[in-house]
Amino acid sequence: MISAPRTIAEAEAVQDRLRPLVDLVGPGPAEPRTVAGLDVAYAEDGVRLAAAVVVLDTRTLTVVDSAVAVGRVAFDYVPGLFAFRELPTLLDALDRITTIPDVLVCDGHGIAHPRRFGLACHLGVLTGRPAIGVGKTPLVGSWEPPARQRGAWTPLIDGTETVGRVVRTRDGVKPVFVSVGHGMALDNACSLVLTLSPQYRLPETTRQADRLCRAALVAGVVTDRG
DNA sequence: GCGACAG
DNA sequence: ATCTTGTCGC
């Protein structure tokens with residue numbers, strides 16, 4: 001890692017510096033063949049963590065590659081600066097996969113962020129890969145509840161900008177918040193999320209990644225000293 | 001000033 | 001994120 005910010009001001013400066021590098025034009029791969037899910041789990045001390053990257057075949061939703069990395073939180077939790085906590089360990093995990101995924105599906109937001117630079121943008125810019133954010137709860141923006149049916153959606157609007165979509169991935173189940181991270185159009189991002197969520201609320205990518213990093217913690221991969 | 005606030 | 005029992009619904 002290069003410059004690890006230590007203060008809120010430094011972290012915000014990093015986001016402001018990288019934000020112009022976000023690609024909001026590229027539509028993304030027409031037919032993503034592999035998709036990576038990323039997630040982290042925290043140890044009981046709340047300091048050590050395990051990050052997992054799981055690469056799935058988009059057609060079969062089967063795991064074709066995966067990796068785990070362990071580390072320590074790199075920043076206090078501050079809404080809007082969440083990425084700095086997990087970024088170093090997530091990047092370590094990404095370094096350990098041998099596949100180059102067509103899209104990164106991140107557990108958090110992309111441009112649906114106060115400074116339009118959430119975790120998905122950060123990971124997209126740093127890796128140069130198309131990336132999207134799938135959040136379980138909103139960070140910014142207002143919206144109307146989508147219709148009850150799976151596939152229904154409403155725009156997520158912050159001020160005068162549409163920063164994402166509120167997407168129903170299961171009938172009558174709480175929707176997810178999808179936003180562009182890097183190099184992928186919102187339409188395509190939402191289609192992909194639905195493809196990745198045939199059965200559960202969250203995409204298989206994040207479900208598998210969540211499973212893997214939790215298993216890593218149980219397995220004691222994260223030990224003393226970390 | 002008061003509340004909201006990804007994971 | 002993580003701490004946690006029962007409960008509603010298919």
Side-chain angles (χ1 to χ4, degrees), chain A residues 5 8 11-12 14-15 18-19 22 37-54 68-91 93 104-125 131-143 148-150 156-159 161 163-167 169-182 186 189 193 198-203 205-218 221-222 226:
Chain A
I8 289 178
E12 291 181 341
V14 169
Q15 294 183 328
L18 297 179
R19 183 180 51 232
V22 171
L38 301 84
D39 193 23
V40 311
Y42 292 82
E44 291 186 334
D45 59 16
V47 173
R48 293 167 297 173
L49 56 85
V53 177
V54 175
V68 176
V70 296
R72 289 168 172 264
V73 295
F75 207 86
D76 288 328
Y77 172 69
V78 178
L81 300 178
F82 162 66
F84 294 99
R85 278 177 83 71
E86 313 180 337
L87 212 47
T89 312
L90 280 171
L91 290 174
L104 266 35
V105 177
C106 310
D107 191 18
H109 300 288
I111 64 172
H113 174 279
R115 284 172 299 283
R116 306 290 181 263
F117 197 76
L119 175 66
C121 298
H122 213 139
L123 281 168
V125 167
I132 68 175
V134 180
K136 296 182 283 292
T137 62
L139 172 60
V140 297
S142 58
W143 74 96
R148 186 180 185 289
Q149 296 69 36
R150 162 184 154 83
L156 176 61
I157 298 172
D158 190 28
E161 310 176 56
V163 296
R165 281 184 195 167
V166 185
V167 180
T169 52
R170 291 200 65 188
D171 290 4
V173 171
K174 182 180 181 187
V176 297
F177 300 76
V178 180
S179 59
V180 169
H182 181 67
L186 181 56
V193 168
Q199 190 169 15
Y200 299 97
R201 177 169 89 115
L202 298 178
T205 36
T206 58
R207 294 188 72 247
Q208 293 302 323
D210 178 82
R211 235 195 32 160
L212 182 54
C213 54
R214 285 181 193 247
L217 284 184
V218 173
V221 171
V222 177

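Predicted, not measured: the structure shown is a model, and the values here were computed from it. Letters go in sequence order (proteins before strands), and every chain restarts at 1.
Contact record, A:Asp158 with A:Gly141: OD1-N, 3.8 Å, taken as the closest heavy-atom pair. Nearest approach of A:Arg72 to A:Leu49, heavy atoms of both residues: C-CD2, 4.2 Å. When all heavy atoms of A:Phe75 and A:Ile8 are compared, the pair lying nearest together is CZ-N, 4.0 Å. Listed here is the closest heavy atom pair of A:Arg85 and A:Tyr77: NH1-N, 3.1 Å.
At whole-Å resolution of the value, CG in A:Asp45 and P in C:dT2 are 12 Å apart. Per the geometry, CG belonging to A:Leu87 stands 18 Å off P belonging to C:dA1, to the nearest Å. With rounding to whole Å, A:Leu217 atom CG is found 11 Å from C:dA1 atom C1'.
Between A:Val167 and the choices A:Leu156, A:Val134, A:Val178, the side-chain contact (heavy atoms from CB on, under 4.5 Å) rule is met once, by A:Val178.
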- Message: So if I define the base as every atom that isn't primed, P, OP1 or OP2, how would nucleotides 2-7 of chain B read as a B/S/- string at a heavy-atom cutoff under 4.0 Å?
- Response: ---BBB
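In DNA chain B, no run of at least 3 consecutive Watson-Crick or G-U pairs with both distances below 3.5 Å is found.
Aromatic ring centres of A:His109 and A:Phe82: separated by at least 6.0 Å.
More than 12 heavy-atom neighbours from other residues, nucleotides or ligands sit within 6.0 angstrom of CZ on A:Arg201.
Counting only distance, with no hydrogens or angles, the side chain of A:Asp39 and the backbone of A:Ala209 share no donor-acceptor pair below 3.5 Å.
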